[in-house]
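These notes concern the structure reproduced below.
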Amino acid sequence: MIQNLADGILTGSVISLGAIGLTLIMHVLRFANFSYAELLGIGAYAALVFDRLLSALAPALAAAFRPLTLTGSLALATVLAMALTGASAVAIDRMVFRRIRARADPLSMVFASFGVALIVRNLITLAFGHRAQLYSNDIAFAEVVSRDPMLLIKPGQVFVLVAAVVLMLALHLILTRTTFGFALRAVAENPTLAQVAGVRLAAMVTAIWLIGGALSAAAGVFYALTNHLSPALGHNFVLPLFAATIAGGIGSVYGAVAGGFPVGIASGLSLMILPSGYTPAMPFLIILAVLLVRPHGLFGEARA
Amino acid sequence: MIGVISYLAFFATMAGILAIAVLGLNLQWGTTGLFNGGVVAFFGAGAYGTMILGGRPEPGQFGGFEAPFLLAVAGGVGLAGLVAWAVGLLTLRLRHDYLAIATFGVAVAFESVTRNAEWLTGGAKGLRGFPRPFEAAVGDPFLYGLLFLGAVLEALGLAWWGLERLTASPYGRALRAIREDEEAARAIGKNPARLRLQAFVVGAMLMGVSGALYATFYAFIRPQDLAPILTFQLWAMQLYTGSIQYILIGLVIVLMLLWRPEGLLPERIGRRTPNRTAGTAAATASKEATTP
């Protein structure tokens, strides 16, 4: 019970990080982006490549920070991967979504995002193969926090949770303390009105892709750090991210953060009553429950 | 010669079966403007529903009621409609992309049920079906293949004719009206939520018919047959062309593109392999080639 809860909170922090950008994109560009979760995959694999490069170039970086399996090179690689994924998100928007936005309706965007997801996922498979990979083959020993009830936690998991919360706090400070943050919130609140007030929408859309891509990359690395990498990583997060977004209310950054944890925890707790094969369906049940009780999410408001 | 014909008949049958699902998609997306991200779930509901009702009993397995063929198909199609009704009821009043997300979710949930609920769906090993209707009476597999193709084409023609009538009728105009301008449609007294739900359910039931015929044709269904990529392939067929008349042409083109490398190489056609094995092998190969 406690163990499932702890694991659920950890997954929840990854989902929250990923959902922040998705909720903004869905609100400002007004389409359900099925390719967004692939950014987690891009980020996780970019970090893998940078990690291998850096540890080859500077072997001193390859030493792990005990008791974590995290190495200096992976930490640096994560930062690089965040930048690269943000840039990829902008590039995908320029190549695909912006062109469609100019000509067609939002449903064409939804369909195009299916295609983009397919392409990204298969490119990753092509480059890295189907098999699961790990950043580090070091064995991370779990600490016994308590024996009754049994609770095992790895140092890496604590690190991931702390790092995720730090990233969210940083975003919170940017949103509430800077002019840029005000502009971003204005766009998220009401794109048309924000433009009237002199906010450049195109620049803000780019900023949202950059932020979303960077946070997704971090989420992907964090997930891969505590589990493993595989080309299906992005695909497995499609539904959880949507569930967090809908539960929190589309367009609400804080809603996405608040929505991610229940989705993660519910998936964790579901393991107590259902075989693990059903876990992928949990977010769907949450979506249905939210739509039934509060169609516009916990923090969202009714909009046409 | 018989080998070539029965080989072509196999592909034509598959194309016809999938075309019925494409017609359903056209009603949802083309006419009414509804995005369905989980075609496989409705296709699968039709297939599994038919198999469970019509299949033969097996130990430790729910179902196997040996229902008459048409009753089994009706059950599968009804199941597809029921799933669509439940999902549509919750999402169709809301933002358009809620439906896309929810239908995608249905497909994921449906897949995890087919993979895990062994007592109901046989899990990963799938469900074995029932002897195809009239197969024993006809006897000759070649003749039976052609008859089956005929039946499929008849079902396809019927579905096509029905949809043509539907879209040409005032009801079809109302559907197009809510696609184009919901406010205006509401102003003249149409109920967009209800019309959308009806179109969505009818479209999903056509996908169910397609799934039921697919399962009958193969006499076997397993989760791999419902790979998410199938949704995408059906979508591609539908997008290739704008209107209902050209779907069949588009379908032939896309199937050619998908299957040409394995399907139409001269030496393979000339080889005298048992017909159904050859067809199945090519279909499996093309599936593997396109599945991520």
Side-chain angles (χ1 to χ4, degrees), chain A residues 26-27 29-34 105-115 117-126 130 231-232 235-236 238-243 245-246 250 274-293 295-297 300 302-304, chain B residues 25 28-30 32-39 41 83 86-118 121 123-124 179-180 182-183 223 227-229 231-236 238-239 289-292:
Chain A
M26 275 180 74
H27 193 62
L29 300 183
R30 311 196 64 72
F31 79 107
N33 187 348
F34 280 85
D105 58 323
L107 279 187
S108 303
M109 303 265 284
V110 176
F111 187 44
S113 74
F114 262 83
L118 209 63
I119 293 168
V120 170
R121 199 179 321 139
N122 286 291
L123 282 178
I124 291 178
T125 314
L126 207 62
H130 275 293
H235 182 71
N236 294 340
V238 173
L239 218 44
L241 293 191
F242 276 132
T245 309
I246 290 178
I250 294 174
L274 286 171
S276 65
Y278 290 105
T279 312
M282 272 311 287
F284 171 63
L285 295 181
I286 293 177
I287 291 175
L288 287 189
V290 170
L291 291 182
L292 207 59
V293 181
H296 298 285
R303 279 173 60 116
Chain B
L25 202 53
Q28 293 180 343
W29 162 251
T32 326
L34 303 171
F35 188 97
N36 187 343
V39 177
V83 174
V87 173
L89 203 60
L90 283 175
T91 53
L92 284 173
R93 287 169 295 121
L94 302 165
R95 254 180 74 157
H96 56 73
D97 40 12
Y98 276 83
L99 180 69
I101 298 168
T103 45
F104 183 81
V106 170
V108 171
F110 190 83
E111 202 204 343
S112 61
V113 170
T114 56
R115 279 192 193 284
N116 296 290
E118 290 214 4
T121 62
R179 180 193 66 193
E180 294 302 326
E182 189 179 327
E183 296 287 307
I229 195 84
T231 296
F232 200 75
Q233 283 171 352
L234 291 174
W235 267 105
Q238 205 264 350
L239 270 208
T290 48
T291 307

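This one's a predicted model, so the numbers in the text were calculated from it and none came from an experiment. Keep in mind that the numbers below use all heavy atoms, side chains included, and drop hydrogens, waters and symmetry copies. Labels below follow one simple rule: chain letters A, B, ... track the order of the sequence lines, proteins then strands, and each chain is numbered from 1.
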(message) I'd like to check the side chain to side chain donor-acceptor pair (under 3.5 Å) partners of B:R115; sequence neighbours left out, ordered by chain and number.
(response) B:E111
(request) On the 0 to 90° scale, with breaks at 30° and 60°, tag the A:F34-B:F35 ring pair as parallel, tilted or perpendicular. (result) parallel
(message) Could you measure the distance from the CD1 atom of A:I287 to the CD1 atom of B:I101? Nearest 0.5 Å is fine.
(response) 6.5 Å
(message) How long is the straight-line distance from CG of B:L89 back to CG of A:L291, given to the nearest 0.5 Å?
(response) 11.5 Å
(message) Which heavy atom of B:F104 sits nearest to which heavy atom of A:L239, and what is that distance?
(response) CD2-CD1, 3.8 Å
(request) Let me know if B:Y98 has heavy atoms under 4.5 Å from chain A in its side chain, its backbone, both or neither. (result) side chain
(message) Quick check on A:P275 against chain B: is it the side chain, the backbone, both or neither that has a heavy atom closer than 4.5 Å?
(response) neither
(message) Under the rule for side chain to side chain contact (heavy atoms under 4.5 Å, CB included), what residues qualify as partners of B:E180, not counting sequence neighbours?
(response) none
(message) With a 4.5 angstrom heavy-atom cut-off, is it the side chain or the backbone of A:M282 that approaches chain B, or both, or neither?
(response) neither
(message) Testing B:L90, B:T91, B:V87, B:V106 one by one against A:L288 for a side chain to side chain contact (heavy atoms under 4.5 Å, CB included), which residue passes?
(response) B:L90
(request) Measure B:A86 against the heavy atoms of chain A and call it side chain, backbone, both or neither at under 4.5 Å. (result) neither
(message) So which atom in A:F284 and which in B:A109 form the shortest heavy-atom distance, rounded to 0.1 Å?
(response) CD2-CB, 3.6 Å
